[in-house]
Amino acid sequence: MKFGYFDDRNREYVITRPDTPLPWINYLGCEEYFGIISNTAGGYSFYRDARLRRLTRYRYNNAPTDTGGRYIYLRDGVSGCYWSPSWQPTRHPAEEYSCRHGMGYSVIGSAYKGIEARTRYFVPLGENLEIWQLTVTNHRPAAARLSVFASVEFCLWDAQDDATNFQRNYNTGEVEVVDGVIYHKTEYRERRNHFAYFACSGKAAAFDTSRDAFLGPYNGWDKPAAVAADKLTNSLAHGWAPIGAHQVDLDLAAGESRQIVFLLGYQENSADQKFDPPNSQTIDKRRVQPTIAKYLDGKEADAAFARLGEYWKSVLGIFQADTPDPHANRMVNIWNAYQCMATFNMSRSASLYESGIGRGLGFRDSNQDLLGFVHMVPARARERILDLAATQLPSGGAYHQYQPLTKRGNNDIGSGFNDDPHWLIIGVSAYIKETGDWSILDEPVAYDNQPGSETPLYEHLQRSFRYTLERLGPHGLPLIGRADWNDCLNLNCFSDTPGQSFQTTTNKEGKVAESVFIAGLFVYAGRELAAIAERRNLKAEAAGYLDEVAKMEKVIDEHGWDGEWFLRAYNDFGQKIGSKENEEGKIFIESNGFCTLAGIGLEDGRAALALKNVHEHLATPHGIVVQQPAYSKYYIEMGEISSYPPGYKENAGIFCHVNPWVMIGETRVGNGDLAFDYYSRICPSARESISELHSCEPYVYAQMIAGKDAPTHGEAKNSWLTGTAAWNYYAIAQWILGIRVTLDGLEVSPVIPKAWPGFTASRTYRGVVYKITVERKGEGNAVALTVDGKAIAGSIVPPPPAGVTEVNVLCQLS
Ligand code: BGC
Ligand code: NOJ
């Protein structure tokens, strides 16, 4: 069953009924001001950091779900009936409803009793504000007398404190209302130099800034007393809960349409220009007023919307493909790329599953995310890399997370996840492959943000590589530390105390438990580093890396191979994990996926054998599960992985992030059919028809789909902010479609299904547009390239002479 449809031409997903299985959200903003918005206008906004600078309040895990948002109410002056065009919060039935989630905007609205009302919500480029353009049309044969209300509930900035520190916060709330603009200025009197505002283009009849006055005691957002009474009371909040609410009276003739613009924004003043007059307590509004005036003008708002459209067109235009599969097309061309940008902006901080207060930007996560967005925003990717690297520790290890506002490593989760450093090598390598910008390696970058500790970025990579060599275990495999990619495989934790963090509790010395996954990662990252060293003319160094890589491959052969698949790890007792000898957790996806992706065992058939067993033991119609059999009980020596009920999350859930490793592995053994089959099993668009089971948005990936051991097999959770976005994009674009960036140029080497006659694609790469046509001539994956009419050897298109801006590539597969 579906709850809407894809409108590919407009790059939108159109939701046609509001009661989706879960709130289906979109993101507003792509620079510094952000918001999440659900299909019923739920969500919140923040400036740069979802925890530290939250503008509006949202109630996570509330009943009813998705409470707190950008709420508009219409009230019919004759019948007294009121409703929300976005359905929530009144949940009043409408005759027609739609939510169009598009690129950086959402249009939500409905029609009820001849009154159509739609609001377009978006954040203009270059501004720290959001525009709500509400259009109300009277389709009745007679005039309509309406009142329009728009409301937000302010958050007192630090979302964590806001949700807990009531003894203080009920006293601090302050607002100003000047010329119809509501200013939220809690703590502006003391150390904050910023405030929020909520403005309205219509001639405001009245306002409210006190939540109690607006809602009335014991009422929810579904029944604001002041809306029912058709009269806001011009209340001024003193402490308690400051809100912003505007009332506009609207008389519409038959057939008449009117637009009202609301602005919610954020503004900073310099510390010495906070007040006007200077020794007052009144906000100096001189800098913000022109911005407010500008965007309250509907024409300016339209122009800003058009610019946003152009921006997304150009960003997405960098890679476009036309394949025989409509699902792959819309994911590659629109939604998966868009989701990659959301993960760039948010990392794992703010979604419906990430509360915006728990996690900063992950070191591992952000580096992997680069694979999905580096081609779209290379300059910002560069900046991200340098920020990440500056949180690296002198040992080469990394803080697991950092806060975007301070750019400092955040000790909440600490460090010692022994896979972390390698993702920096992979991220930097992806950046250079895309841009050809070798200068990034010479950038001076500090360790742990300590001034004076700077070395060229290149040395950070060297230290990343060495980090593993200095931490090898009894079998010569990398020690796992707190965990590797699988944050829940906590082999040194041994926690028996409720509530202890599995990620930071370490009861074992950590000198025994080893990870075969990190071994595979080391091989992969080591080769990337060697390739970089070689092109920097550091031949001996490159050879040294390859030597270590070869040694590690040997160790994997000897101690990391279980006979039919790759082992997963050794625990603190030196026992195997992910082996046929185990009763539960006999075979895991991560080591088999990453080792085959890294090409380990390609020559001697072990890669193919491991993949065959992944297919046999781990693949389900809904995707590939993490391991089998699932852990049926808590094992103190395994940690969090065994804390989850079977089939969920890391305990045999379908972790969509790691599925692409197997897809890529399949391309490496030449099996395009199965690679694409795996791709389709978890592809959100391909799952649209089972939306009632899948539950999450059909236009973006979720982190996890419940595995076959779960009673809810096939149900997704944790959509949007997941490494799944980047890895699936990377797998389909660079390995299945095979349009792959390399240090030496653009490679075209597809491994597509046998039944595909071919496909076309356009890829802008290092300033050149490559128009690529792939034609199938035989069933295999052998590539013959013709570039601008001339046959060339190999699969890498040589960079064209300077001045050439378009290259035509014909790729024949046989
Ligand atoms: C989750 C992991 C996550 C980790 C760290 C665990 O509870 O299962 O997916 O990576 O927490 O935040
Ligand atoms: C989510 C985390 O963000 C990511 O870093 C980790 O690799 C996966 N969970 C698996 O545990």
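Reckoned from all heavy atoms, side chains included, excluding hydrogens, waters and symmetry mates. Whatever order the structure lists them in is the order used to number ligands and atoms, beginning at 1.
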Could you go through residues 622-629 and list every donor-acceptor pair under 3.5 Å that involves a side-chain atom there, pairing it with any protein atom two or more places apart or in another chain?
residue : atom : partner : partner atom : Å
His622  : ND1  : Arg687  : NH1          : 3.0
His622  : ND1  : Arg687  : NH2          : 3.2
Gln627  : OE1  : Ala652  : N            : 2.8
Gln627  : NE2  : Asn651  : OD1          : 3.0
Gln628  : NE2  : Asp709  : OD2          : 2.8

| said: Under a 3.5 Å distance rule, please check whether Glu514 uses its side chain to pair with a backbone N or O of His475 as donor and acceptor. | reply: yes
| task | Run the numbers for me: atoms of ligand 1, each under 4.0 Å from some heavy atom of Glu640, listed by number. | result | 6 (C), 7 (O), 8 (O)
| task | Please could you name the atoms of ligand 2 that Glu650 approaches to less than 4.0 Å, counting only its heavy atoms? | result | 9 (N), 10 (C), 11 (O)
| message | Tell me whether the rings of Tyr678 and His615 are parallel (<30°), tilted (30 to 60°) or perpendicular (>60°). | response | tilted
| query | Would you call Gln703 a ligand 2 contact, heavy-atom distance under 4.0 Å? | reply | yes
| task | Check Phe502 against ligand 1 and report side chain, backbone, both or neither, counting heavy atoms closer than 4.0 Å. | result | neither
| message | Quick check: closest heavy atoms across Pro646 and Ser632, and the distance to 0.1 Å? | response | CG-CA, 4.3 Å
| task | Would you check the N or O atoms of His400, main chain and side chain alike, for any that come under 3.5 Å of an N or O of ligand 2? | result | no
| task | Could you list the atoms of ligand 1 found under 4.0 angstrom from a heavy atom of Asp487? | result | 3 (C), 4 (C), 5 (C), 10 (O)
| said: Ring-plane angle category for Tyr44 and Phe46, please: parallel below 30°, perpendicular beyond 60°, tilted otherwise. | reply: tilted
| query | Which part of Asp487 is near ligand 2, with near meaning a heavy atom under 4.0 Å away: side chain, backbone, both or neither? | reply | both
| field | For Lys649, atoms of ligand 1 separated by under 4.0 Å from a heavy atom | value | 1 (C), 2 (C), 8 (O), 9 (O)
| query | Is it the side chain, the backbone, both or neither of His657 that has a heavy atom closer than 4.0 Å to ligand 2? | reply | neither
| message | Less than 4.0 angstrom from a charged side-chain N to a carboxylate O is my criterion; do Arg364 and Asp487 meet it? | response | yes
| Of the choices Glu354, Gln503, Gln703, which has the non-hydrogen atom that lies closest to atom 11 (O) of ligand 1? | Gln503
| Where ligand 2 meets Asn486 - atom numbers and elements under 4.0 angstrom, heavy-atom basis | 11 (O)
| message | Side chains of Trp720 and Glu697 only: does a donor on one sit below 3.5 Å from an acceptor on the other? | response | yes
| query | Is the closest side-chain donor-acceptor distance between His375 and Tyr729 under 3.5 Å? | reply | yes
| remark: A student checking ligand 1 against Tyr644 at a 4.0 Å heavy-atom cut-off should list atoms 1 (C), 6 (C), 7 (O), 8 (O)
